[in-house]
Amino acid sequence: MGFSSLFPVQVAVWQETIGPGAFERDLCINSPTGSGKTLAYALPIVQKLSTRSVKCLRALVVLPTRDLAMQVKEVFAAIAPAVGLSVGLAVGQSSIADEISELIKRPKLEAGICYDPEDVTCELQSSVDILVATPGRLMDHINSTKGFTLEHLCYLVVDETDRLLREAYQSWLPTVLQFTQSNEESLFPLANSFLSSTFGSLKTIRRCGVERGFKGKPHPRLVKMVLSATLTQDPSKLAQLNLHHPLLMTTGKRRYQLPEKLESYKLICESNLRPLYLVALLQELGEEKCIVFTSSTESTHRLCMLLNLFGDLGIKIKEYSGLQHQSRRRR
């Protein structure tokens with residue numbers, strides 16, 4: 001990728017995963033936007049999975065929006081193929097049938113031969129080692145896609161954790177954790193027969209026991225990494241993740257930190273005159289490219305319409321929010 005050195009957060013995470021830390025603890029990473037968080041978790045996961053011999057879904061990255069998920073998928077896609085790993089995307093951008101064909105490998109059936117449907121289902125396999133997903137589409141696949149299983153999952157990354165914990169998103173988190181719990185006969189008597197009939201002979205057995213002094217934890221355990229630029233430290237929220245001896249990693253003494261070269265100003269004005277102040281500010285900035293953030297999709301739409309009414313601004317103004325279709329947002 002042309003990088004000759006790593007950012008501080010990437011070095012720190014590497015030390016706790018591939019380095020001396022050896023993935024012994026779950027990581028809570030609090031680091032500002034633009035600090036290199038995505039590569040910080042992508043590199044160790046790809047490195048760790050590079051020695052795998054059988055392809056199955058072992059790493060899941062969950063993000064709140066399609067756009068973020070697509071950005072993260074591009075980072076993984078830049079490094080994973082170098083060690084023979086495949087990366088998938090489940091975001092609801094295309095039809096679910098198209099996604100299933102990308103994520104699930106079906107056995108080749110010869111013409112003229114009768115097959116037992118159960119035998120065909122047994123041979124369904126994952127086409128990807130790493131999946132980047134939004135919660136809604138992830139739940140669609142968990143609930144309805146034949147051959148889609150989290151049984152072999154080793155790594156769960158929750159990116160933009162605050163938003164994913166704040167908004168329920170169809171209870172995706174308890175569902176994912178439930179499907180990756182210990183699957184011993186004694187704990188889930190029906191689970192093994194179900195899994196073996198659905199997913200064929202490949203199995204990952206998680207047993208409860210003593211692992212480095214932590215009683216009752218399933219082993220091999222599901223490693224979790226949670227990240228945010230504004231990571232919550234509310235114990236009740238973090239408890240939902242069922243973290244294993246979590247380690248908080250932050251980029252500085254202050255909880256919230258801005259990039260060093262970012263200059264920050266505030267413009268104090270009367271509320272009803274804010275759009276006019278904004279117009280004056282945009283005129284003063286002239287040719288500079290700008291992003292104007294608002295509090296909601298409706299505010300974005302209204303402000304864009306209003307600014308475009310100023311015909312003599314000489315500035316091209318476009319709207320970008322969840323109201324737009326994906327193809328328009330990409331343009």
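Worth saying up front: this structure is predicted, and the values here are computed from it rather than measured. Atoms considered below: every heavy atom in the structure, side chains included; atoms not considered: hydrogens, waters and symmetry mates.
- Judged by distance alone, the side chain of Ser228 and the main-chain N or O of Thr230 form a donor-acceptor pair under 3.5 Å.
- Between Leu89 and Met70 the shortest heavy-atom distance is CD2-CG, 3.8 Å.
- The two residues Asn242 and Lys224 make their nearest non-hydrogen contact at O-NZ, 2.9 Å.
- Closest of all the heavy-atom pairs between Ala69 and Val91 is CB-CG1, 3.5 Å.
- Ser126 pairs by the side-chain hydrogen bond (donor to acceptor under 3.5 Å, both in side chains) definition with nothing, not counting sequence neighbours.
- Shown here are the side-chain contact (heavy atoms from CB on, under 4.5 Å) partners of Thr300, two or more places apart in sequence or in another chain: Thr294, Glu319, Ser321.
- Residue pairs meeting the salt bridge (Lys or Arg N to Asp or Glu O under 4.0 Å) criterion with at least one member in residues 64-78, sequence neighbours excluded, are Asp67-Arg329.
- Placement of Val75 and Leu156 in two distinct hydrophobic clusters is found when ILVMFWY residues are connected by side-chain heavy-atom separations under 4.5 Å, directly or transitively.
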Go through Val61 and Tyr41 one step at a time and tell me if the side chain to side chain contact (heavy atoms under 4.5 Å, CB included) criterion holds.
-> CA-CA 10 Å; Val61 184; Tyr41 62 76; 3.7 Å; yes

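- Within the 4.5 Å cutoff, the side chain of Asp159 has no heavy atoms near those of the Val62 side chain.
- Pairs passing the salt bridge (Lys or Arg N to Asp or Glu O under 4.0 Å) check and including a residue from residues 278-298, sequence neighbours excluded, do not occur.
- At least one side-chain heavy atom of Phe310 sits less than 4.5 Å from a side-chain heavy atom of Leu276.
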Under the side-chain hydrogen bond (donor to acceptor under 3.5 Å, both in side chains) criterion, do Asp98 and Ser95 qualify, and how do the steps go?
-> CA-CA 5 Å; Asp98 289 342; Ser95 72; 3.2 Å; yes

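- Nearest heavy-atom pair across Asp26 and Arg221 is OD1-NH1, 2.7 Å.
- When atom types are taken as modelled, the side chain of Ser127 and the backbone of Lys105 share a donor-acceptor pair closer than 3.5 angstrom.
- Within the 4.5 Å cutoff, no side-chain heavy atoms of Lys48 are placed close to those of Thr17.
- Side chains of Leu103 and Leu131 form a contact here, defined as non-hydrogen atoms less than 4.5 Å apart.
- The minimum heavy-atom distance between Thr297 and Gly322, with the atom names listed, is CG2-N, 3.9 Å.
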Please walk me through it: do Ile104 and Gln125 pass side chain to side chain contact (heavy atoms under 4.5 Å, CB included)?
-> CA-CA 6 Å; Ile104 304 297; Gln125 296 174 343; over 6 Å; no

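- Here His245 contributes atom NE2 and Leu243 contributes atom CG; the two are 12.0 Å apart, rounded to the nearest 0.5 Å.
- A continuous path of hydrophobic side-chain contacts links Ile315 to Leu303 [ILVMFWY only; heavy atoms under 4.5 Å].
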Name each donor-acceptor pair under 3.5 Å that joins a side chain in residues 8-15 to protein atoms two or more places apart or in another chain, with its distance.
| residue | atom | partner | partner atom | Å |
| --- | --- | --- | --- | --- |
| Gln10 | OE1 | Phe7 | N | 2.9 |
| Gln10 | NE2 | Gly36 | O | 3.1 |

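- Contact between Cys290 and Leu282 at its shortest, heavy atoms only, is SG-CD2, 4.1 Å.
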Can you list the steps and then say if Arg274 with Leu267 is a side chain to side chain contact (heavy atoms under 4.5 Å, CB included)?
-> CA-CA 9 Å; Arg274 270 207 330 248; Leu267 185 57; over 6 Å; no

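- Put simply, the side chain of Leu138 reaches to within 4.5 Å of the side chain of Leu60, judged on heavy atoms.
- Leu307 and Leu281 fall into different hydrophobic clusters, where Ile, Leu, Val, Met, Phe, Trp and Tyr side chains are chained together by heavy-atom contacts under 4.5 Å.
- Within the model, atoms CG of Leu164 and OG1 of Thr232 stand 12.5 Å from one another, a figure rounded to the nearest 0.5 Å.
- In this structure, CD on Glu16 lies 9.0 Å from CD on Glu24, to the nearest 0.5 angstrom.
- Side chain of Arg25 to backbone of Pro246: a donor-acceptor contact under 3.5 angstrom is found.
- With contacts defined as side-chain heavy-atom distances shorter than 4.5 Å, the pair Ile45/Met225 qualifies.
- In this structure Glu270 satisfies the side-chain contact (heavy atoms from CB on, under 4.5 Å) test together with Asn272, Leu273, sequence neighbours excluded.
- For the atom pair Ser86 OG and Ile130 CD1, the distance stands at 8.5 Å (nearest 0.5 Å).
- Taking the side-chain hydrogen bond (donor to acceptor under 3.5 Å, both in side chains) definition, one finds that Glu99 meets it with Arg137, His141, sequence neighbours left out.
- In this structure, CG on Leu222 lies 13.5 Å from CZ on Arg58, to the nearest 0.5 angstrom.
- Using a 4.5 Å heavy-atom threshold, the side chains of Met139 and Thr175 count as touching.
- The side-chain hydrogen bond (donor to acceptor under 3.5 Å, both in side chains) test applied to Ser271 returns no partner, not counting sequence neighbours.
- In this structure Ser236 satisfies the side-chain hydrogen bond (donor to acceptor under 3.5 Å, both in side chains) test together with Asp234, sequence neighbours excluded.
- Taking 4.5 Å as the limit, every side-chain heavy atom of Met249 sits out of range of all side-chain heavy atoms of Asn30.
- Applying the salt bridge (Lys or Arg N to Asp or Glu O under 4.0 Å) criterion to Arg52, with sequence neighbours excluded, gives Asp129.
- Not counting sequence neighbours, Ser5 has no partner by the side-chain contact (heavy atoms from CB on, under 4.5 Å) test.
- Hydrophobic clustering (ILVMFWY, side-chain heavy atoms < 4.5 Å, transitive): Leu173 and Leu27 are in distinct clusters.
- In terms of the side-chain contact (heavy atoms from CB on, under 4.5 Å) criterion, residue partners of Val83 (sequence neighbours excluded) are, by chain and number, Val46, Ser50, Leu85.
- Although no hydrogens or angles enter the test, the distance criterion places no donor-acceptor pair under 3.5 Å between the side chain of Thr145 and the main chain of Phe148.
- With ring centers used as reference points, Tyr155 lies under 6.0 Å from Phe23.
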